[in-house]
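Numbers restart at 1 for each chain; the letters A, B, ... are given by sequence-line order, proteins then strands. Just the heavy atoms: all of them, side chains too, but no hydrogens, waters or symmetry mates, feed the values below.
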Amino acid sequence: MELVRESTYRYVIPPHEEMRVPAVVYTTEDLLPLLTKDEALRQLANVARLPGVVRCAVGMPDMHQGYAFPIGTVAAFDIEEGVVSPGGVGFDINCGVRVIRTSLTAPEVKRVLEEIGNILFATVPAGLGSRGLEKFSHKEARRAMKKGLGWALEKGMAVEEDLEATEEEGCLRDADPQLVSDEALDRGREEFGTLGSGNHFLEIDVVEKVFDPQKAKALGLFEGQVVIWIHTGSRGLGHQIAMDYMEKMRPRMESYGIPLFERDFVSLPVKAPQSQAYLGAMAAAANFAWVNRQLITHRVREAFSRVFRRPWDELGLFLLYDVAHNIAKYEVYEVDGAERMFLVHRKGATRAFPAGHPALRGIFREVGQPILLPGDMKRGSYVLLGTDRALKESFGSVAHGAGRQMSRHAAKKAFGFKEMQEDLAREEIRLYAVDRRRAQEEAPGAYKDVDAVVKPLVGEGLAVPVVRTRPLLVIKG
DNA sequence: ATGTTC
């Protein structure tokens, strides 16, 4: 696969064979060997072969092989000529990240860290197959999927500020819960407010470095501050919807003359009825995921309130922001000199809108949209801001995390749980894990260095760093 | 990622 270096951190696969547009990859020389060790570049070239793909297929520095589209991909499709692809969204629909601010400092929280950790570990269901504390009726589950965070607001488990600080205000209006299968709905009903497993986590971090004091202040962030990270998605519900619609859409591809590059590389024209149905069900799963992260937020607020014996708002536990990194949405871009609506797929990629963007609410319209970019449980995570450059080059998108550099299998063999826990303890990081063997797959060494992943994004002007945080306490499924 | 098997 020919990869041409066009600038320091921007590489291009020129269109060849049936590629309709180039593929662009943001990376560093150091990360380049990781990009070529699997099928990710070939998969990205396949994305560039799909009908109606515009400008370029974009690969991020955390890109690696996935089912169909690589994880770490952004691609936009023309509404008339283009396609929608469930494999361009991923199985965990609206997997995403949120950060809760606090007005607490590290020393204040360290004194009670064990108590908070024990409460959170007991009250936030985590692990594979974990069930929520409450099983909702079919009707209630459908209402939640239709209304997203508006539903949590009604239930007294969210405040208005939470909606303002969430991408799409936590609700895709196209959601149609009637398009969600009974099987998917039944899985979802038991999964409200659960963390899940794999790379999902709940973390208490401290802001260890401020890159931009003015922007940090505008976002309510300061050095030494305690913040909480939540990474989870739509659990079995989204997974079931993705599978259901791949099965429905696959047999229709031939009649539209769309090639099937691999089993899960399913796509149909945006206008096809099956595509529209997928988008309605996908939106329902996305809304469910926002509710899921909100219910966990509610538990976090309760835990802090209990330990500090003060209401959560007095402790400053407001939402910094919530971003989706597995989703497809209609967005406006300028392509070939004209502004139009496109269907943007982000799979393992985070939206990165700049200040002034009409989709942003409140303070974010002035400052820009926070990009929440988690690293690993030892080296920490970044908060950055979107830029005009990202809007012009990468469909307002950047990477979604450090990205794996080691397979799950290899990581499990390389890292024992106890040595990992001890290694973290030396850094004063407390680790809780439901499944120890599964946690081994998530060892820091299994991930790329988050600093290295952020470097090309900042270097090419797609994002501006605001703060870096480091973990004090980690909960894994 | 996922009732650990698409």
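Distance CG (A:Asp435) to P (B:dT4): 13 Å, rounded to an integer number of Å. Across the protein-nucleic acid pair, A:Met243 atom CE and B:dT2 atom P stand 12 Å apart, rounded to whole Å. Taking atom CG of residue A:Leu195 and atom C1' of nucleotide B:dT2, one finds them 14 Å apart after rounding to whole Å. Between the C1' atom of B:dT2 and the CE atom of A:Met246 lies a distance of 12 Å, rounded to the nearest Å. Separating the CZ atom of A:Arg263 from the C1' atom of B:dC6 is a distance of 5 Å, rounded to the nearest angstrom. Per the geometry, CG belonging to A:Asp92 stands 15 Å off P belonging to B:dT4, to the nearest Å. For the pair A:Leu260 CG and B:dC6 P, the computed distance is 17 Å after rounding to whole Å. Atom CD in A:Glu183 sits roughly 11 Å away from atom P in B:dC6 (whole-Å rounding).
Between the side chains of A:Tyr256 and A:Glu254, no donor-acceptor pair of N or O atoms lies under 3.5 Å.
Ring centroid separation for the pair A:His325 and A:His231 comes in under the 6.0 Å cut-off.
Between B:dT4 and A:Ser197, no contact under 4.0 Å exists linking OP1 or OP2 to a side-chain N or O.
Among the heavy atoms of the strands lying under 4.0 Å from A:Glu191 are primed sugar atoms or P, OP1, OP2 only; no base atom is included. A:Arg235 comes within 4.0 angstrom of sugar-phosphate atoms only, judged by non-hydrogen atoms across all strands, and of no base.
Nearest-nucleotide mapping onto DNA chain B: of A:Glu247 and A:Gly236, the residue sitting toward the 5' end is A:Gly236. Across the interface with DNA chain B, nearest-nucleotide mapping of A:Gln240 and A:Arg250 shows A:Gln240 to be the residue nearer the 5′ end.
In this pair, A:Tyr432 and A:Phe121 present their aromatic rings tilted. The plane angle is within the 30 to 60° band.
Residue A:Asp162 forms a salt bridge (Lys or Arg N to Asp or Glu O under 4.0 Å) with just one option from A:Arg293, A:Arg361, A:Arg301, and that option is A:Arg301.
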